[in-house]
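Scroll down for the structure; my scribbles are underneath it.
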Amino acid sequence: MALPGFKSIPLPLVQLSLSAVLKCGQSFRWSILTSEATQENSSEPSHTHIEYRLCLKDRVVCLRQSPDTLFYRSVFPDPQPLSTNLLEHEKETLEWLKDYFQLNIDLVSLYKQWGHKDKVFSKFQERFEGIRILRQDPWENLISFICSSNNNISRITKMVQGLCREYSPPLLSMEHPFSPKETLTYYPFPPPSTLAASPVGLKLRALGFGYRADFIQKTAKMLVDAHGIDAPISPHHSTEASEIWLAQLRKRSTADARQELLKFVGVGRKVADCILLMSMDKKEVIPVDTHVIQIATKHYGFKGSTSGKTNMTPKLYEEISTKLSSIWGEYAGWAHTVRIPLLSLSVIIPNLSL
DNA sequence: TATCGGCCTAATGT
DNA sequence: AACATTAGGCCGA
């Protein structure tokens with residue numbers, strides 16, 4: 001089935017479910033645009049009713065999805081590229097999407113492996129199809145997850161988007177896909193040098209970042225001071241030297257990269273592990289968050305405190321991480337992303353353990 | 001080396 | 001209606 005203005009590739013929902021992946025707390029900068037009329041109907045939103053948009057480098061990428069197809073198109077700041085060049089641009093967008101969603105990884109075979117090794121997973125796996133790890137920009141990921149501490153997904157999303165609106169010039173504006181009267185503006189993620197300036201802490205605090213405001217400014221300043229801001233000249237998108245240095249951590253070992261990340265203010269073990277998994281290719285890393293603790297105590301034989309709430313200690317973190325790694329194996333971090341749907345399901349269907 | 005109180009804020013629970 | 005707890009924790013003592 002064709003969609004006017006969009007390119008497409010065949011891609012089954014079991015490999016990628018945008019609605020699940022883009023809301024599961026990995027990335028906080030996507031616009032998820034729906035048509036009000038059909039939102040009330042509990043029937044699954046299809047490619048005609050929901051569009052996902054992200055400002056990616058020099059363009060806004062728009063995505064829609066049907067059960068077997070991914071639709072994509074790119075919008076540029078005016079003037080739009082000539083139609084002779086448009087094909088090349090869409091080709092580039094597709095390459096970026098393959099990289100961002102790591103489409104070379106076969107999720108179905110991973111699910112099969114996890115289900116084979118893990119009764120809990122096999123029991124629930126049909127219920128959370130298409131949930132995979134994104135390969136995000138390390139700098140954006142670092143700041144986003146500093147925001148995540150002691151926080152919830154909806155607030156983190158507001159904070160990250162507010163930060164982009166405050167500190168980046170708009171890339172472009174375009175109309176809402178389902179209500180053309182509404183104009184939406186898209187902002188890139190601001191570079192380290194912008195967030196390193198000293199008044200940023202105060203401003204972010206005023207924007208509701210709480211105690212994380214200073215962590216962000218200080219982390220940005222540490223990066224800029226240590227690795228500089230030189231960047232190749234580019235009209236709409238550039239990458240500063242410290243961002244490039246950060247991205248180079250992908251080439252280091254997990255332990256080395258983690259050690260570097262832990263030096264930043266506002267980055268502890270859990271946040272470092274999120275960054276390793278979601279932007280630095282460390283597919284085996286399991287960030288142990290409150291949801292993972294709940295699952296570990298509920299389904300995998302960890303004993304919580306008698307009063308219901310277990311408080312985290314470095315030792316407990318290590319124990320849970322090690323245990324789940326031994327169950328899920330090489331792609332353990334990928335397996336762990338289903339924790340939120342798993343938890344909501346196991347409320348309905350309790351009574352499972354290894 | 002381990003533990004503990006404090007920290008911003010908004011939403012939900014008691 | 002106040003008050004406590006929770007949400008993808010981290011820092012400093």
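Protein chains get the first letters and strands the later ones, always in sequence-line order, with residue 1 at the start of each.
- At a cut-off of 3.5 Å, with distance as the only test, no side-chain donor of A/Ser173 or A/Thr183 sits close to an acceptor on the other residue.
- Contact annotation for A/Val267: backbone-only contact, meaning every heavy-atom pair under 4.0 Å involves sugar-phosphate atoms and none involves a base.
- Atom-to-atom, CG of A/Leu163 to C1' of B/dC8 comes out at 16 Å; the value is rounded to the nearest Å.
- Heavy atoms of A/Met278 sit under 4.0 angstrom from at least one base atom.
- Map A/Pro287 and A/Val265 each onto its nearest nucleotide of DNA chain C; the residue landing nearer the 5' end is A/Pro287.
- In this model, the phosphate group of C/dA7 is approached by a side-chain N or O of A/Gln294 to a distance below 4.0 Å at OP1 or OP2.
- Comparing A/Pro314 and A/Ser154 by the nucleotide of DNA chain B that holds the closest heavy atom to each, the one mapping nearer the 5' end is A/Pro314.
- In this structure, CD1 of A/Ile216 is placed 13 Å from P of B/dC8, rounded to the nearest angstrom.
- At a threshold of 4.0 angstrom between heavy atoms, the contacts of A/Ile340 with the nucleic acid are absent.
- Residue contacts shown for A/Cys24 include a base, since a base heavy atom lies under 4.0 Å away.
- For the residue pair A/Tyr52 / A/Arg64, no side-chain donor-acceptor distance below 3.5 Å is found, with atom types taken as modelled.
- In the set B/dT3, C/dC10, C/dA7, C/dA7 carries the atom at the smallest distance from any side-chain atom of A/Asn152.
- Nucleic acid contact for A/Phe264: sugar-phosphate only, since backbone atoms but no base atoms lie under 4.0 Å from a heavy atom of the residue.
- Atoms CZ (A/Phe145) and C1' (C/dG9) sit 13 Å apart, rounded to a whole Å.
- Nearest to the side chain of A/Phe215, among C/dC11, C/dA7, B/dC7, sits C/dC11.
- One atom, CD1 of A/Ile156, and another, C1' of C/dC10, lie 14 Å apart when rounded to the nearest Å.
- By the salt bridge (charged side-chain N to carboxylate O under 4.0 Å, His left out) test, A/Asp225 pairs with A/Lys221, sequence neighbours left out.
- A/Ser17 and A/Glu129 form no side-chain donor-acceptor contact under 3.5 Å, judged by distance and modelled atom types alone.
- Here the side chain of A/Arg212 is nearest to one of B/dC8, C/dC10, C/dA7, namely B/dC8.
- Across C/dA1 and B/dT9, the matching P atoms stand 24 Å from one another, rounded to whole Å.
- A straight line from CZ of A/Arg339 to P of C/dA7 spans 12 Å, rounded to a whole angstrom.
- Put simply, CG on A/Asp214 is 15 Å from C1' on C/dG12, counting in whole angstrom units.
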Could you please spell out the steps behind the side chain to side chain contact (heavy atoms under 4.5 Å, CB included) verdict for A/Phe71 and A/Ser66?
CA-CA 8 Å; A/Phe71 301 92; A/Ser66 74; 3.9 Å; yes
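- The pair A/Lys282-A/Asp273 does not count as a salt bridge, with every side-chain nitrogen at least 4.0 angstrom from each carboxylate oxygen.
- B/dC7 atom P lies 20 Å from atom CD1 of A/Ile146, rounded to whole Å.
- Of the candidates C/dC10, C/dA7, B/dC8, C/dC10 carries the atom nearest the A/Ser149 side chain, counting heavy atoms from C-beta on.
- Partner A/Ser74 forms a side-chain hydrogen bond (donor to acceptor under 3.5 Å, both in side chains) with one of A/Glu92, A/His89, A/Lys7, A/Glu90 and no other, that one being A/Glu90.
- Scanning DNA chain C for stems, defined as runs of 3 or more consecutive Watson-Crick or G-U wobble pairs whose donor-acceptor distances all fall under 3.5 Å, gives the following ranges: B:3-7 with C:9-13, B:9-14 with C:2-7.
- Checking B/dT9, C/dC10, C/dA7 against every side-chain atom of A/Asn150, the shortest atom distance belongs to C/dA7.
- Using a 4.0 Å heavy-atom cutoff across all strands shown, A/Arg205 reaches sugar-phosphate atoms only and no base atom.
- For the pair A/Arg73 and A/Phe6, the cation sits on the ring face: its NZ or CZ lies under 6.0 Å from the ring centre, inside 45° of the axis.
- Counting distance only, with no hydrogens placed and no angle test, the side-chain atoms of A/Tyr317 and the base atoms of C/dG9 include no donor-acceptor pair under 3.5 Å.
- Between A/Asp289 atom CG and C/dC10 atom C1' there is a gap of 15 Å when expressed in whole angstrom units.
- A cation-pi arrangement is absent between A/Lys117 and A/Trp328 under the rule of less than 6.0 angstrom and at most 45 degrees off the ring axis.
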